[in-house]
Amino acid sequence: MFIAFREEVTTVLADALDDRGYPSDDLGIERPPEGFDAVLASSISFGLASEAERPPPQVAGEIADAVDVTDTTYVDGVTTQGPYVNFTPSEAYFEDALAVREDAGELAATGDAVVVEHTSANPTGPVHVGRARNPIIGDAVANLLEYAGNDVERHYYVNDAGRQMALFTWAYERFDETELPDPERDRTEYEMVRYYRRGSEFFESADERAVETAEAEIESILQGLEAGDEATYERVGAVVDAVLGGMKTCLARLPATFDEFVKETRFMRNGDTDEVIDRLKQLDEAVYEEDAWQLDLDGFEKNLVFLRSDDTSLYTTRDLAHHEWKFEEYDRAVTVLGEDHTLQAGQLRETLELLGNDTDQLASVIYSYVDLPDGGMSTRAGTGVDLDDLLDEAIVRARDEVESRLDDRDRDDDLDEADIERIARQVGIGAVRYDIVSKQPTKAITFEWDRALDFEAQSAPYVQYVHARCCGILDGVDAVPAGDVSALTEPESRELLREIARFEGVIDAAATELRPHQVATYTRDLAEAFNAFYRECPVLSVEGELRDARLALVAAARHTMANALDVLGVEAPVSM
RNA sequence: GGGCACGUAGCUUAGCUCGGACUAAAGCGUCGGACUUCUAAUCCGAAUACCGUGGGUUCGAAUCCCACCGUGCUCGCCA
């Protein structure tokens, strides 16, 4: 529908311009404002006016006359309005929209294998809200790329070879549980983080000699990892896996799940990191200063150290090996990163390019952290709101809403306790996700409970409700009829069909630009179109062809909304 | 100080990548309406904006360029 329509417009307009002897490199195709019959329009006449030595509306008329739509399927006609050339849809366009079902928005396979790396938080403790944008945006980006026809793998890159984890391992072995506070929650990462925090405190308060001793032990852990010492891997691995196990449980609540947890030690153990270091040393940009190997990168004010003076690798060194592995295994790699990694991502890209990789296949999605009103969140300091707490509170508040609405509920479908629990969970968690995924990730967010858990506003329940309404209508219908689009004559029906038809275009654009929030914006447009239809066009109380066509339209809307929500990772309730 | 990002109604945002029907679109909040009709977590209406500021490019700028102001991030042999 929309994509084919756009292709037809591109073809016939370019042909028309060629025919009239105008350049056809920029077609000026855009979406007309609301209320126009046209699906797409062109403002090409403005640019050609001076060359043609005639006012834009005349040029528009000339072009419109030259456009030939005899061979098009979806483009029905060409009209002008002032300087604009408008392309209107055929009945086939609406017919296809009416026939949309389970595969709404799924684009043709690209054949590309894409790896989406997201979250990748150091396994030091519970996932907090400051970083919660990462799994939510990352999961949506992965879903989006899947809908856009790619084979997607979701990876969590585990920083298990850094100083932080060495310190954690040391603290875990050094301190006894009896000297720790009770865990905030009965789960491994909450139990484990106490050791990490205790270890961090130790470094702030212990005397110099004790700190030196501890430093030496941490250093020996790092050296052990670097040397490939099996016992050291096991010690660190025990801590990493325990914490990670709990974090996984938390992330699964969103739900954000992963195909693979890729540990950075893997690239130390298999020799890839050493191999990268050898090649880096050969580069013209490589310098050996102050006993450390560095890269003097163009456009970066600071050198990038890739081998410490004690011969150990750094995070970025291992990440280079990691990314070369990604390039071997996948056609494209997308990484969702906090804004504090922007510089590092730039250096990584530049260095990968120097190593002979095609970095066009690498893309980053950058988001800014969620802060508290009085500062940032930190696992080490224990400041911050745990994602678990936010989700719990969201469900509690959603449940209150459900229960308070039970009395004045019109529909007599008698929600039982299981329904109430389901709706509370779908709406509560959906609201948290939707709130985050619907905003541009580069904008800063300050966390406030009431704002994060606002069920009104332009929030998840608003669009979820549309899905529930669709399900309510279709509930007693045995088989959805195919429906005849010619029966749908009201402007509200047509407008809804247009929105449904547009969904694939939204997926296409959002996937290309890696901007899932466009899908969230779309769900609101779709919801508005549906609500207008719902108000004006009764379905079950009419009969014959009209009823069949409207039922088909409701089914098309339902599946479109369900899949749009699926991209966002928000559940689509069958009742609310 | 250098680099990057962000700045749109009282508040929260969309539109900005790729300038064009923008006389700027929504939600919340405020005010006023609509449930004997498929779920009112809905809908309809009113009021609210020098699109951070100043220049520039252009037939045309919220959108592109420059400067400035404000906010955040960043500039480790941390990750």
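Reminder, nothing fancy here: chain letters follow the sequence lines and each chain counts from 1.
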TODO: Give a yes/no on whether any side-chain N or O of Arg308(A) is located under 4.0 angstrom from OP1 or OP2 of C78(B).
DONE: yes

- [ ] Rounded off to whole Å, could you give me the OH-to-C1' distance for the Tyr369(A) and U71(B) pair?
- [x] 18 Å

Task: Any Tyr367(A) side-chain nitrogen or oxygen under 4.0 Å from OP1 or OP2 of C73(B) - done: no

Open item on the list: Determine whether a donor-acceptor pair (N or O, by modelled atom type, separation under 3.5 Å) exists between the side chain of Thr312(A) and the backbone of Arg308(A).
Closed with: no

TODO: Taking atom P in both C18(B) and C65(B), compute the distance separating them and give it to the nearest angstrom.
DONE: 9 Å

Open item on the list: Nearest whole Å is fine: how far is C43(B) P from Leu496(A) CG?
Closed with: 14 Å

Open item on the list: OP1 or OP2 of A79(B) versus the side-chain N and O atoms of Arg318(A): is any pair under 4.0 Å?
Closed with: yes

Open item on the list: Regarding Ser368(A), tell me which of base, sugar-phosphate or nothing describes its non-hydrogen contacts under 4.0 Å with the strands shown.
Closed with: nothing

- [ ] Could you tell me the separation between the CZ atom of Phe300(A) and the P atom of G3(B), rounded to a whole number of Å?
- [x] 14 Å

Open item on the list: Strictly below 4.0 Å, N to O, side chains only: are Glu528(A) and Arg524(A) in salt-bridge contact?
Closed with: no

Open item on the list: So, does His517(A) get its side chain near the phosphate of G15(B), meaning an N or O under 4.0 Å from OP1 or OP2?
Closed with: yes

TODO: Take atom P in G45(B) and the same atom in G7(B), then report the distance between them in whole Å.
DONE: 29 Å

Task: Gln164(A), nearest nucleotide to its side chain (from G7(B), A21(B), A79(B)) - done: A79(B)

Task: Arg133(A) to Tyr369(A) six-membered ring, cation-pi geometry met (6.0 Å, 45°) - done: no

Open item on the list: I'd like to know if Glu513(A) reaches the base of U17(B) with its side chain such that a donor and an acceptor end up less than 3.5 angstrom apart.
Closed with: yes

TODO: Using only side-chain N and O atoms of Lys443(A), determine if any of them is under 4.0 Å from OP1 or OP2 of A5(B).
DONE: no

Open item on the list: Can you measure Lys302(A) atom NZ to C78(B) atom P for me and round it to whole angstrom units?
Closed with: 13 Å

- [ ] Counting heavy atoms from C-beta on, name the nucleotide in C59(B), C44(B), C75(B) closest to the side chain of Phe46(A).
- [x] C59(B)

Open item on the list: Closest-nucleotide mapping onto RNA chain B: is Glu528(A) or Glu264(A) further toward the 5' terminus? I mean the 5' end.
Closed with: Glu528(A)

Task: Donor-acceptor pair under 3.5 Å, Gln458(A) side chain vs A26(B) base - done: yes

Task: Nearest-Å distance for atom pair CD/C1', residues Glu448(A) and C28(B) - done: 13 Å

Open item on the list: As a test of the definition: with a 90° window around 0 for syn, would you call C35(B) syn or anti?
Closed with: syn

Open item on the list: Of the listed nucleotides (A14(B), A40(B), A21(B)), which one gets closest to any side-chain atom of Thr521(A)?
Closed with: A14(B)

- [ ] Mark yes or no for a side-chain to base donor-acceptor pair under 3.5 Å between Asn86(A) and A21(B), with no hydrogen or angle criteria applied.
- [x] yes

- [ ] Please give the nucleotide sitting opposite A25(B) as a Watson-Crick or G-U wobble pair, both distances under 3.5 Å, or none.
- [x] U13(B)

Open item on the list: Taking U37(B) as the reference, what is the distance to C28(B) when you measure between their C1' atoms (whole Å, please)?
Closed with: 30 Å

TODO: Compare side-chain N and O positions of Tyr462(A) against OP1 and OP2 of C43(B) and report whether any pair is under 4.0 Å apart.
DONE: yes

Open item on the list: Please confirm whether the shortest side-chain N or O distance from Arg405(A) to OP1 or OP2 of A41(B) is below 4.0 Å.
Closed with: yes

Open item on the list: Let's test your reading of the model: under 3.5 Å, does the base of G3(B) pair with the side chain of Glu301(A) as donor and acceptor?
Closed with: no

Open item on the list: Any heavy-atom pair between the side chains of Tyr156(A) and Val158(A) that's under 4.5 Å?
Closed with: yes

TODO: Using the C1' atoms only, state how far A61(B) lies from U17(B), rounded to an integer number of Å.
DONE: 15 Å

Task: Ring-ring centroid check Phe202(A) Trp170(A), cutoff 6.0 Å - done: yes

Task: C1' atoms of A9(B) and A24(B), separation to the nearest Å - done: 11 Å

Task: Distance between C1' atoms of G10(B) and G29(B) (Å, rounded) - done: 8 Å

TODO: Look through every strand shown and name the nucleotide pairing with C35(B) as Watson-Crick or G-U wobble, where both distances are under 3.5 Å.
DONE: none

- [ ] When you get a sec, tell me which of U42(B), C22(B), A41(B) is the closest nucleotide to the side chain of Asn531(A)?
- [x] U42(B)

Task: Mate of A41(B) where both pairing distances stay under 3.5 Å, Watson-Crick or G-U - done: none

Open item on the list: Using a 4.0 Å heavy-atom cut-off, does Ser575(A) contact any base of the nucleic acid, only the sugar-phosphate backbone, or nothing at all?
Closed with: base

- [ ] Using a strict cut-off of less than 4.0 Å between a Lys/Arg side-chain nitrogen and an Asp/Glu carboxylate oxygen, indicate whether Asp454(A) and Arg451(A) qualify as a salt bridge.
- [x] no

Task: Side-chain donor/acceptor contact of Thr442(A) with base of C6(B) under 3.5 Å - done: no

Task: Opposite nucleotide pairing with G70(B), Watson-Crick or G-U, both atom distances under 3.5 Å - done: C6(B)

Open item on the list: Salt bridge or not between Glu401(A) and Arg397(A)? Use side-chain N to carboxylate O under 4.0 Å.
Closed with: no

Open item on the list: We want to know whether Ser493(A) and Glu490(A) form a side-chain donor-acceptor pair, criterion being a heavy-atom distance below 3.5 angstrom.
Closed with: yes

Open item on the list: My understanding is that a pair needs two contacts under 3.5 Å, Watson-Crick or G-U wobble. By that rule, which nucleotide pairs with G1(B)?
Closed with: C75(B)

- [ ] For Arg524(A) and for Asp291(A), locate the closest nucleotide of RNA chain B by heavy-atom distance; then report the residue assigned to the nucleotide nearer the 5' terminus.
- [x] Arg524(A)

